[in-house]
J.: 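Below you'll find the structure I mean.
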Amino acid sequence: MNKIALITGATSGIGRACAQRFAEGGYDLILTGRNADRLNAIAKEARALGRDVLALEYDVRDRQACHDAYANLPEDWKRIDVLINNAGLALGLEPEYEGDEDDWETMIDTNIKGLLYMTRAVVPDMVRRNHGHIINIGSVAGDAAYAGGNVYCATKSAVKAITDGLRIDVAHTALRVTNLKPGLVETHFSNTRFHGDDARADRVYAGIKPLTGKDIADVAFYAASAPEHVQIAEVLVLATHQANGSIIHREA
Ligand code: NDP
Ligand code: 8X3
């Protein structure tokens, strides 16, 4: 029987790379996201590797949809080994006093509440089975605020607290809980942050070799593959010329 990984936000970037890496590593997949066409395309790639795949289209901000997605899984698919709470986004880089309140709500609803809904839906059965691994995609942005990062940074600080809290609450079980905190990863992240201003998004990755989704997926897979007594609790993964959320050395 193959292991099963459930990945949220599997339609792009880090989530998509995790789908590929865990499929290559022998996992069957539950891929979730909002775009059915992209979900199905990624599911097809994993099936081509011989994996079984369920593709579930829903928005993680929809609490009922998160709970229904898990409750309606066929029984065989409920024995999830790894939950990767990846769906998330940044919107805007304005000073806090000029920020867009709708953007704030979207980030808070997705990055914090969506992650919590999925945790609440999936983890109780893991606790009952005394088996499972939750990998939350945090960020270097959660370590310290950077200019214009305000609310996004706060959501990723919340991911750290929520991840630490879960690790405490399951310490009596065999579950493992990881906060995987990437730095600069070239994905659709900045295009989304700048509301489709692709030229501005490209400048985020200019003059530095950024991480790729695959770099992060490799770390997630390593954490999931470590011996059962080894819990990779938190890992910060930066591009070599990035020192923290604010300091990035760029070639001219
Ligand atoms: P992408 O924009 O490439 O991917 C984000 C994924 O999240 C997409 O699949 C997107 O789907 C999905 N998503 C967003 N909102 C929702 C929602 N409400 N419901 C379901 N799915 C949703 O960016 P990344 O791959 O870079 O981002 C993945 C995670 O990594 C995020 O949590 C991000 O904060 C984090 N991260 C990213 C870093 C980076 O530099 N790129 C660094 C540190 C952390 P859709 O296409 O439908 O919007
Ligand atoms: C994404 C990385 O530094 O752009 O979380 O916030 S950063």
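Just so you know, ligand 1 is whichever comes first in the structure, and atom 1 is the first atom listed for that ligand. For clarity, every value in this text was computed on a predicted model and none was experimentally measured.
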J.: Any idea which of Ile14, Asn86, Thr106 brings a heavy atom closest to atom 29 (C) of ligand 1?
T.: Asn86

J.: Indicate, as side chain, backbone, both or neither, the part of Lys156 found under 4.0 angstrom from ligand 1 when only non-hydrogen atoms are considered.
T.: side chain

J.: Identify, for atom 3 (O) of ligand 1, the protein heavy atom at the shortest distance, and state residue, atom and that distance.
T.: Ser12 OG, 2.5 Å

J.: For atom 14 (C) of ligand 1, which protein heavy atom lies nearest, and how many Å away is it?
T.: Arg34 NH2, 3.7 Å

J.: Considering heavy atoms of the protein only, find what lies nearest to atom 33 (C) of ligand 1 and give residue, atom and distance to 0.1 Å.
T.: Tyr152 OH, 3.7 Å

J.: Quick one: look up the protein heavy atom nearest atom 19 (N) of ligand 1 and list residue, atom name and how far away it is.
T.: Val60 N, 3.0 Å

J.: Under a single-linkage definition using a 4.5 Å side-chain heavy-atom cutoff for Ile, Leu, Val, Met, Phe, Trp and Tyr, are Val170 and Ile162 assigned to the same hydrophobic cluster?
T.: no

J.: When hydrophobic residues are tied together by side-chain contacts of less than 4.5 Å, even through go-betweens, does Val177 share a cluster with Ile80?
T.: yes

J.: Could you pull out, from Ala10, Ala141, Gly9, the option with a heavy atom nearest to atom 6 (C) of ligand 1?
T.: Gly9

J.: Please round to the nearest 0.5 Å and tell me the distance separating atom OG of Ser139 and atom CG of Leu180.
T.: 10.0 Å

J.: Show me the short polar-atom pairs for ligand 2: any N or O of it lying under 3.5 Å from a protein N or O, with distances only.
T.:
{"from": "ligand 2", "atom 1": "5 (O)", "to": "Ser139", "atom 2": "OG", "distance (Å)": "2.5"}
{"from": "ligand 2", "atom 1": "5 (O)", "to": "Tyr152", "atom 2": "OH", "distance (Å)": "2.6"}
{"from": "ligand 2", "atom 1": "6 (O)", "to": "Tyr146", "atom 2": "OH", "distance (Å)": "2.5"}

J.: Give the residue, atom name and distance (to 0.1 Å) of the protein heavy atom nearest atom 43 (C) of ligand 1.
T.: Pro182 O, 3.3 Å

J.: Can you confirm whether the side chains of Asp81 and His133 place a donor and an acceptor under 3.5 Å from each other?
T.: no

J.: Report the part of Arg16 in contact with ligand 1, treating N, CA, C, O as backbone and CB onward as side chain, heavy atoms under 4.0 Å; options are side chain, backbone, both, neither.
T.: neither

J.: Provide, to 0.1 Å, the distance between atom 23 (O) of ligand 1 and the closest protein heavy atom, together with that atom's residue and name.
T.: Thr187 OG1, 3.4 Å

J.: Of Thr212, Leu211, Asp59, which has the heavy atom at the shortest distance from atom 18 (N) of ligand 1?
T.: Asp59

J.: Going by atom types only, do Asn111 and Thr155 share a side-chain donor-acceptor pair under 3.5 Å?
T.: yes

J.: Does any pair with a residue in residues 180-193 pass salt bridge (charged side-chain N to carboxylate O under 4.0 Å, His left out), and if so which ones, sequence neighbours excluded?
T.: Asp143-Lys181, Lys181-Glu234

J.: Please compare Ala239, Gly183, Ser139 and report which has the shortest non-hydrogen distance to atom 38 (C) of ligand 1.
T.: Gly183

J.: How close does the nearest protein non-hydrogen atom get to atom 9 (O) of ligand 1, and which residue and atom is it?
T.: Thr11 OG1, 2.7 Å

J.: Name the orientation class of the two ring planes belonging to Phe221 and Phe22 (parallel below 30°, tilted from 30 to 60°, perpendicular beyond 60°).
T.: perpendicular

J.: Show the atoms of ligand 1 that are less than 4.0 angstrom away from any heavy atom in Gly138.
T.: 43 (C), 44 (C)

J.: Pairing donors with acceptors under 3.5 angstrom, does anything connect the side chains of Asn191 and Asp198?
T.: yes

J.: Please name all residues satisfying side-chain contact (heavy atoms from CB on, under 4.5 Å) with Tyr58, sequence neighbours left out, ordered by chain then number.
T.: Thr32, Leu56, Val60, Ala65, Cys66, Ala69, Met118

J.: Could you check atom 21 (N) of ligand 1 against the protein and tell me its nearest heavy-atom contact, residue, atom and distance included?
T.: Ala87 CB, 3.6 Å

J.: Can you pull out every salt bridge (charged side-chain N to carboxylate O under 4.0 Å, His left out) where at least one residue sits in residues 88-106? Sequence neighbours excluded, please.
T.: none

J.: So with a 6.0 Å cut-off around CZ of Arg63, is the heavy-atom count from everything else above 12?
T.: no

J.: Could you check which of Gly88, Ala217, Cys66 puts a non-hydrogen atom nearest to atom 27 (O) of ligand 1?
T.: Gly88

